[in-house]
Amino acid sequence: MQNQYTLSVFSEHRIGMLMRLTTLLSRRHVNIESITCSECEVEGIFRYTIVVCCDENLANKIARQMEKQVEVFKAFAHSGCETVFREIALYKVPLKTLSGQLELVLRKHNASVVALESSFAIVEKTGHEEDLLSLLRELKNFGVLEFARSGRVAMSKPMKPLQDYLNEMELYNN
Amino acid sequence: METTTIKEKTKTLTGAEAVVKCLLEENVNLLFGYPGGAIMPVYDALYGYEKQLRHVLVRHEQGAIHAAQGYARATGKVGVCIATSGPGATNLITGLADAMADSTPVVCITGQVHSHLLGSDAFQETDMIGLSTTVTKWNTQAVRAEDIPAALAKAFYIARTGRPGPVLIDITKDAQFGKAEFRYEKCKGLRSYVPYPKVDMEKVRQAATLINKAKRPFLLFGQGVVLGGAEKELKSFLEKTGMPAAGTLLGLSALPTDHPQHAGMLGMHGNYAPNLLTNYCDVLIAVGMRFDDRVTSDVNRYAKQAKIIHLDVDASEINKVVKCDLPLPGDCKETLHLLRLAANSNDHSAWVDEFKKLRSVEYEAVIEKEFFPENSALSMGEALRLLNETKSPDTILVTDVGQHQMIASRYFKFETCRSQITSGGLGTMGFALPAALGAKMGAPERDVVAVIGDGGFQMTIQELATIAQEKTNVKILLLNNNFLGMVRQWQELFFDKRYSHTEMQNPDFQTLAKGFGIASKKVTERKELKGAMQEMMSSPSAYLLEVVVEKEENVFPMIPAGAAVDEVRLC
Ligand SMILES: Cc1ncc(C[n+]2csc(CCOP(=O)(O)OP(=O)(O)O)c2C)c(N)n1
């Protein structure tokens, strides 16, 4: 069954790393729904969060193949209920429409204004994809000049602290 | 004390000199390559090192990497090749893909344009990191002289450890010219990389229990046994447990062909018994093999009745193709040893006899006719029978890709470890000739016979010049059927005999051999074959024996595409 899986991949900070990971997806004709990357809690180790739509078996095989890459420490595939995740979106709305109604919508959606210029305002909201899109739909009534949504940042509930895995790996190697 | 030793080891070298020194530090004494603009500093540094570091000038970079692969497969050491940027480097790609598919440890060094030109579409610039990413175990680009020693140290370590594979180092021209303090430290580990997963003793015990209870256990061995140097462990495990075993194409030489428990070769053109009985065993123990689709055929009807135990150093192989009941990731040399200790001595001779009975069926239906054909045309099988009668026990068989590959692998008598070199996972025509050159240079004390078809021979035939120049005593058995035989067979069987572009107007191979300065003979008559074979095997220099064989011979047994292993056909 096709479902969303979050791949969490921990790797060295290396030129070409992203390509090594994404070709494992493109080879199998799996599309990337979203992707983010940044340094994690362990200095020098980067965390890729890649959301894909496929069946569970395939998600796990891909995670194993990612982990096989020499400079990948660990890779996990987790389903929606095993992960806590957020995305962030920015919306640029024309200021002439900044009416009381718009304020009501922003309050209802728990969104905030992060920049105010003479002709537009930039609104920010954090949440799940559906929440961000539902705000987008409502804002469209007022006109949306620009919309940008981030990839997912995610943490998985079953994962041990990365440092524990690193310690295990060090044990194996010695 | 320590500071003085460091001082002694530290001196300033150019990046190009550092490349040469690193190779020497890694005990490399042979490399295959082809020069060009972007690698010239390294070639200049090689000048004067002929004694310590022999460079073999191939005639095409694909030849360089296949030779390095042949060297690696014959010796177990890392093969090294070197090429210039752009076209030189892209000519390595097929070999990289081949080495990736067949887990062959090679280190490729490519020149690259000056770093300030990177990304500018400069002359002979290709993005080698991008191009080689999916066909290398690891790759890196060095843009500064000081990065070279560490990059090469990592390259050698990664290529040979764990599941071996090809590695590519791309070095910009300014990094080759640049100067840096040279200090070489061998790589002993990388924090992100666990080459040998730890064996789980509990799982070993569970596996032993399964094996002890099994009525019809069956072991499949792949190249992992050879790569892991576990031939002895395999043999003692088999002899203690008494179970039959069969090899994948690349695993064949891990167990002597005439071992009483050896049931032959698996796969599409493998032997009858091991294919058929895969679907009758109750416990299947897979060692260092990866359930390639040429082995499993229809995977949905593959060994469904059996409990599967899978030993592999590459954990990502386990559960990749078939569902495994008992995963045993780890170095198979260790796992097989532990498994032998944990398993009971057993006798499965009745079960082994079932394989032998089916072997006789296959002998009568297929093998006998090929060994002793009734018509006048020579068969590939009889050439192999005579080769077996003539060869020395430690002869290395190198094959190209096609019908002759299947026939040679089915009939060659493997008597020693590392005696088979072929392109399995990628099936690269043109592999054999350069691979045989590399194998012979790596194992000069052994005979090396390359069995090649007339199609594949013409794909890398230019390496005859290298063989002549290096005075390498490679035996070439050319089985000439004037067809792209394997494709023709498929056209006959599955495309209504529509022989679309598979018949060739071949050159006169005898004239070619003469032109290249290689001794040769052409045989068309049965009565000449044995004498010619003896002449080839006793020749003091390279020798091409062209055997004109039946044009439309088919390789059987065969599992047609989409069929199950137990639907293997004898005709
Ligand atoms: C580089 C490459 N191109 C195409 C193929 C497809 N192919 C597989 S076997 C074969 C025929 C080989 O003919 P030949 O070398 O004469 O050997 P034979 O089968 O006749 O023994 C071909 C074309 C291949 N394996 N490799």
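Throughout, protein chains are lettered first and strands after them, A, B, ... in sequence-line order, and every chain is numbered starting at 1.
A salt bridge links A/Glu87 with A/Arg149: the distance from a Lys NZ or Arg NE/NH1/NH2 to an Asp or Glu carboxylate oxygen falls below 4.0 Å.
When heavy atoms are compared at a cutoff of 4.5 Å, A/Arg14 approaches chain B solely by way of its side chain, counted from C-beta outward. Only the backbone of A/Val72 comes within contact range of chain B, with heavy atoms under 4.5 Å apart. For a residue to count as touching a neighbouring chain, one of its non-hydrogen atoms must lie under 4.5 Å from one of that chain's; by this rule B/Leu190 touches chain A with backbone and side chain alike. The contact between B/Thr134 and chain A is made entirely by side chain atoms (from C-beta outward), counting heavy-atom distances below 4.5 Å.
More than 12 heavy atoms of other residues, nucleotides or ligands sit less than 6.0 Å from atom CD of A/Gln163.
Aromatic ring pairs are classed by plane angle as parallel below 30°, tilted from 30° to 60° and perpendicular above 60°; the pair A/Tyr91 and A/Phe147 is tilted.
Put simply, the side chain of B/Ser115 never gets that close to the backbone of B/Thr172: no donor and acceptor are under 3.5 Å apart.
Of the N and O atoms on the side chains of B/Thr104 and B/Asp102, not one donor lies less than 3.5 Å from an acceptor on the other residue. B/Ser103 and B/Arg163 are linked by a side-chain donor-acceptor pair at a separation below 3.5 angstrom, with hydrogens and angles left out of the test.
Shown here for B/Thr133 and B/Ile129, the closest heavy-atom pair between the two residues is OG1-O, 2.5 Å. Across every non-hydrogen atom of B/Pro166 and B/Val135, the tightest pair is CG-O, 3.5 Å.
Residues from residues 138-152 of chain B that place a non-hydrogen atom less than 4.5 Å from a non-hydrogen atom of chain A comprise B/Trp138, B/Asn139, B/Thr140, given in numerical order. Within residues 124-137 of chain A, no residue approaches chain B closer than 4.5 Å by heavy atoms.
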Check against salt bridge (charged side-chain N to carboxylate O under 4.0 Å, His left out), A/Glu71 and B/Lys154: CA-CA 11 Å; A/Glu71 281 160 330; B/Lys154 266 170 101 171; 3.3 Å; yes

Stepwise salt bridge (charged side-chain N to carboxylate O under 4.0 Å, His left out) test for B/Arg290 and B/Asp312: CA-CA 8 Å; B/Arg290 59 188 175 86; B/Asp312 207 299; over 6 Å; no

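Note that the CD atom of A/Gln65 and the CZ atom of A/Arg28 stand 4.5 Å from one another [nearest 0.5 Å]. Here OG of B/Ser192 is found 8.5 Å from CD1 of A/Ile45. Values are rounded to the nearest 0.5 Å.
By number of non-hydrogen pairs under 4.5 angstrom with chain B, the leading residue of A/Glu12, A/Arg64, A/Lys74 is A/Glu12.
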